Every structure is written in C-alpha cells, then in structure tokens.
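Please read all numbers here as calculations on a predicted model, not as lab measurements.
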Amino acid sequence: MAISFTPCLRKKLKSEKHGILNIRITTNRKSTYVSLKEKIPVRFWNENTHELRTYKDFDPDERQRLNNLIETKITELKHAHKVSGDVDKTKNNARLSFIDYLNEELHELELRSKIGTYKRYKTTYFHLMGFLATKGKTDLLFPEINPILVRDFETYILAHKTIKGTLVKINTSKNYMKCFKRLYFLAIQMGVYTSFSADPFAKFVNKRLPIENKRLDRGQVQVLFQHHFEKTHPLFHTRNQFLFQIFCQGLRVSDLFTLRFENINRQASRIDFFQFKTKKLHSILVNDSLLMLLKDYIKPDLTYILTEKHNVELITGKVEKLNYYEMCARFEDISREILKRSLDSQNKIGEKAADEILFEVEPIKAEFNRCFLRISHFLYTGLVQYAVKHPKDFIFPALKNEDFEDVIFNENTRLTKYQYNQLQSKEAMYNKSLKKLQAAFSISINLTSHISRHTYASMLFERDPKRLYEISKGLGHTNMKITEAYLKSFDADVVDQPNVEFFNTFNHLKQTQVLP
C-alpha cells in the first residue's frame, strides 16, 4: 500500500480569494484531507508546486511558521499511519510515483535553503510534466523509466522553445537530463526505490559541446578603464562593476554583488571572502586599479583626493603643483619624449648617449611613482575608514542591505528563496546592462558578466602560459583540470605567437628564383 502526504489549499468556492491549508493523504489513488486550520490568501499558494510563494508583503516569519507547521503535521500523519519516509515508498515498489518523489525532494531542498539546486530540479520538473502531457499522462512511475522514455524526454527538451522563441541549447538540455538521472539514482541510493532492470540512462550521452571562451583584449580593457561616465549616467555602475570583476582576478558576478566592506582585510590590504559558488575562502590583493573603482562607492566619495594638488619636483629645484589627472598627462608626455630622444640618440650618437638620457630621467620617474604611491595610500586609508563604519553594507549598490542583514556569507551560507531570487534578478539586470555597454563601445562579442573571467584568465595566460597554477589560484578554481579546460580555447593564440615570430625571420631573405 503506497501512501503520500501532499500540502494543498482548499476553497469552498472557486471565486474565493482565501483558502484553508490542508494535507492531502493519498492511498492507492484515493484521497482524504486533514485541515491545518490556517487561512491564507490564494495568491500566496502555488498550486503546481504545493508550496507557499515568496512575496515581499508575505511576512517571512509567518511563512516560515506555516512551513514548519506543514512539515510537523506530515511527520505526525506518517507516524499515525505507521509509515516512514522510506518504508511507505518501498512497500509497493511497482506503483511508486517518480513525480511524488520529485516533489518531496523539492520540498526538502527548500527547507534546507538549497535554492540553487531547488531551482534546477524545479525546471526539470516542469519539462517532465510538459513531456508527460504530450503522452496524455499526469504521473510517471519509477518502473516506466526506461531507455526509450529517457531518449524521448531528451528529444522533447531539444524540440522545446524558450520564452525568447529559440530552441533549447544542447548543453542546456544536458543539464535537465543530468538532473533527471541524478534524482533517479538518488532514489535508489536512499532506498526509496529498488531497481530490478538495467540502467535506463546507459545510452544517454552526457558529453557537453565545447564552448568558445570569448574575451576582451588588453586594448579594449584599456579603453574601458580610461573612459569615465558621470555618476548619473545609466552605465556608470555597469562599467565600474565589469572592470572590478577583471581587476579582482575574474571575480564571479555572485561574489561581485555579495562583497561587503567587512571583506576588506585592513591589516593585509586584501579582500578576503568565501566564494558564493564554491564556499571556499578566497583572497585578493587590493591593487591601484581596484582603488580607482572603489573610491566611487564611499560616501562622500574620494574623488577629491584625485583633484588635490601635490608638489611634484620634475626638474631639480623646480616644483610644480599637479593633481592626479595632470600627473598622468605629464607622465605620458614625458614618457613619449624620453622614447623619442632615446631613439634619436641611438640613430645619431650611439647607445652610450641614449643610456645617459635614460639615467637622466630616472629621478623624474621616481618622483611620479612617489606621488602615485602617496595618492594610493590616501585612497586606501579613506576606504578602510569607511569600511570600519559600514562593515555590513554591500560594496556595490545592487542588493538591498536590509534584505540580507541576517545573512553571513561563509562556507555554510544559505539564502531564502526571496534572497536567492533577488540575487538572480540583479545578475540578470546587470547582464542586460552589459549589452548596452557593449553597444556604447562597439564591442563585437556578446558581453556578459562571465566575459570578465575569460578576459582576466586570457591576459595572464598570454603574458606567461607557464604560470597555470597562479592563474588557477587567481580564478579561485578548486582543481587545476578546471583551469586547463577553461584556457583550452586560448592555446591557439599562444602557440601562434612564437610561430609567427619564427616565420618572420625569413621575410628578409632574398627569394630564390625558381627555374622553369
């Protein structure tokens, strides 16, 4: 005898806007109901998933209380019917519903706040229900899962169109099939179902198609870095956040939005944080490029430090008062002049004179470096002082601090469904804004938040392909093989460079005439 316990909302009339929470007890496809005597608005209940929805006007504490009440009542009913979560499912192995099992797993994942996995399984559930509808069915029993059904389900997914009207990509379909397979074998592993047949997924190939890792080159990054938007410009934050991802060692977008000022390690001049995806501790040195971006997220901002005049001694005995921007302009002018004089000297009076010119300008370069270092110190001091006063504030103003005030981002971080949805929503908005940044700078590739990781990795790889370990650690990968796969598409450029240099050595040779 198979028994299932499913939360539901019952109304006397279809037109009613409120309903009573119940537990539906299904025994051999016959149902009875036990009321929880809790009345809630219909819009707070998801009939498809048999769960409470997440709304801003739905008090989270009240929602948690109702979820606890549902879970406690189901446990009581199972005890009253003398069944356990495992025993009742295995009593009638041949009639065990995979759909019921999937819904129970979804409920368990939500209770454990594993929202990422919950969402992946939930999408798989919707596709599976759509597939069953084409067969005129509303349920799927475990024994019905065979190689033919697995093949037909994958065919259904590949023929399915997304909201945008495009077909589901092959790699996306592999993700849904992977969830289906994982759930099936998890049920066997947990003793929910005992399989007496061959592996239904034996013919399923889970190999994903290779993805081309597109990235920006150094010149494009330089253009973005040198361009400054006004704070009121719609792309102000987008440009800053994208550059921050690159200069923060290819920071993931989930970490970009969840970094707090408390993550700034004042003693070590580093940003220390647990990666949201891997839950592993990661540490990044605060460099000058990051300081130039972070200055805009302190109130009042630290831009005044860059407009303050500093004494700069460019020629012995002569002091000029320059701000940061004027220093940069003078530094570029002097660098060009040094290069021109050096080349002229080599052509006219030999290398010795050129060396004397370079020796002459070394004190000037040292003076600039001293001033730049001083400005960096002022920026970092201002950043640290602000961080001490506002440790729990997010660095970038995407998520609301009050929505996450109870969250500690560490190796055990769990978000509520509302919080997880907020994070995903901001990531989606950011990626849409990156398309506008792409158009503004006439960037040919499709700009996404992940392009920043590819850009950071490729620039380091092209600079020194042998330093794979450092690149892997910089990206926060837990396995070198992940990094190798990540950089695989960049190999061609690195191999081409020495080959081009080699073949160019033949360009100056006289061509031998080929006789007829």
Q: I'd like to know if Glu154 and Lys174 make a salt bridge, using a cut-off of under 4.0 Å between side-chain N and carboxylate O.
A: yes
Q: Taking only Lys NZ, Arg NE, NH1 and NH2, and the carboxylate oxygens of Asp or Glu, determine whether Lys137 and Glu144 approach each other closer than 4.0 Å.
A: yes
Q: Answer yes or no: is there a donor N or O on one side and an acceptor on the other, between the side chain of His390 and the main chain of Tyr386, under 3.5 Å?
A: yes
Q: Is it the case that atom NZ in Lys280 sees more than 12 heavy atoms from other parts of the structure closer than 6.0 Å?
A: no
Q: Taking the six-membered ring for Trp, are Phe201 and Phe185 parallel (under 30°), tilted (30 to 60°) or perpendicular (over 60°)?
A: tilted
Q: Please check if any side-chain donor atom of Asp406 sits under 3.5 Å from a side-chain acceptor atom of Gln419, or the reverse.
A: yes
Q: Does a side chain donor of either Lys119 or Asn421 reach within less than 3.5 Å of an acceptor in the other side chain?
A: yes
Q: Less than 3.5 Å apart, any donor N or O on the side chain of Gln422 or Ser425 sitting next to an acceptor on the other?
A: no
Q: Ser452: what forms a side chain to side chain donor-acceptor pair (under 3.5 Å) with it, not counting sequence neighbours?
A: Gln245
Q: May I ask you to check whether His282 and Phe274 place their ring centres under 6.0 Å from each other?
A: no
Q: Quick check: are there more than 12 heavy atoms from other residues, nucleotides or ligands sitting under 6.0 Å from CD1 of Ile188?
A: yes
Q: Taking the six-membered ring for Trp and the single ring otherwise, decide whether the centroids of Phe142 and Tyr193 are under 6.0 Å apart.
A: yes
Q: If we only count heavy atoms from C-beta on, is the Lys231 to Asp296 side-chain gap below 4.5 Å?
A: yes
Q: Could you walk me through whether Asp272 and Asn265 pass the side chain to side chain donor-acceptor pair (under 3.5 Å) test, one step at a time?
A: CA-CA 6 Å; Asp272 296 332; Asn265 184 331; 2.8 Å; yes
Q: Run the side chain to side chain donor-acceptor pair (under 3.5 Å) test against Arg414 and tell me which residues pass, sequence neighbours left out.
A: none
Q: Any sub-3.5 Å donor-acceptor pair from Thr413's side-chain atoms to Ile408's backbone N or O?
A: yes
Q: Is the backbone of His227 close enough, under 3.5 Å, to the side chain of Arg239 for a donor and an acceptor to pair up by distance?
A: yes
Q: Check step by step if salt bridge (Lys or Arg N to Asp or Glu O under 4.0 Å) holds for Arg112 and Glu105.
A: CA-CA 11 Å; Arg112 290 173 174 267; Glu105 281 298 314; over 6 Å; no
Q: In terms of side-chain geometry, is the basic nitrogen of Lys135 or Asp152 positioned less than 4.0 Å from the acidic oxygen of its partner?
A: yes
Q: Please check this pair: side chain of Arg260 against backbone of Ile395, looking for a donor-acceptor N/O pair closer than 3.5 Å.
A: no
Q: Please list all pairs meeting salt bridge (charged side-chain N to carboxylate O under 4.0 Å, His left out) that have one or both residues in residues 42-53, counting only residues at least two apart or in different chains.
A: Arg43-Asp57, Glu51-Lys417
Q: I would like to know whether Leu183 and Leu102 meet side chain to side chain contact (heavy atoms under 4.5 Å, CB included); could you show each step before the answer?
A: CA-CA 7 Å; Leu183 282 161; Leu102 176 50; 3.3 Å; yes
Q: Report yes or no: does Arg215 contribute a side-chain atom to a donor-acceptor pair with the main-chain N or O of Thr455 at less than 3.5 Å?
A: no
Q: Does any N or O in the side chain of Lys426 come within less than 3.5 Å of the main-chain N or O of Phe257, such that one atom is a donor and the other an acceptor?
A: no
Q: Indicate the ring-plane relationship of Phe153 and Phe180, choosing parallel, tilted or perpendicular according to the 30° and 60° boundaries.
A: perpendicular
Q: Can you confirm whether Ile25 sits close enough to Val34 that some side-chain heavy atom of one is under 4.5 Å from a side-chain heavy atom of the other?
A: yes
Q: Salt bridge or not between Lys392 and Glu262? Use side-chain N to carboxylate O under 4.0 Å.
A: yes
Q: Is any side-chain heavy atom of Ser289 closer than 4.5 Å to a side-chain heavy atom of Ile246?
A: no
Q: Do Lys295 and Asp301 have side chains that get closer than 4.5 Å, going by heavy atoms?
A: no
Q: Whether the side chain of Asn68 engages the backbone of Arg65 through a donor-acceptor N/O pair (distance < 3.5 Å, no angle test) should be reported.
A: no
Q: With heavy-atom distances below 4.5 Å as the criterion, would you say the side chains of Met190 and Leu186 are in contact?
A: yes
Q: How are the rings of Tyr176 and His127 set relative to one another: parallel (under 30°), tilted (30 to 60°) or perpendicular (over 60°)?
A: tilted
Q: Heavy-atom count check: over 12 atoms from other residues, nucleotides or ligands less than 6.0 Å from Lys169 NZ?
A: no
Q: Could you check whether Arg151 makes a cation-pi contact with Phe204, meaning its NZ or CZ is under 6.0 Å from the centre of the six-membered ring and within 45° of the ring axis?
A: no
Q: For the ring pair Phe394 and Phe261, is the centre-to-centre distance below 6.0 Å?
A: no
Q: Just wondering, do Leu36 and Leu66 contact through their side chains at under 4.5 Å, heavy atoms?
A: no
Q: Between Gln249 and Tyr456, is any pair of side-chain heavy atoms under 4.5 Å apart?
A: yes
Q: More than 12 heavy atoms of other residues, nucleotides or ligands under 6.0 Å from NZ of Lys436: is that the case?
A: no
Q: Report the residue from Tyr430, Tyr297, Phe396 that forms a ring-ring contact (aromatic ring centres under 6.0 Å, His included) with His237.
A: Tyr297
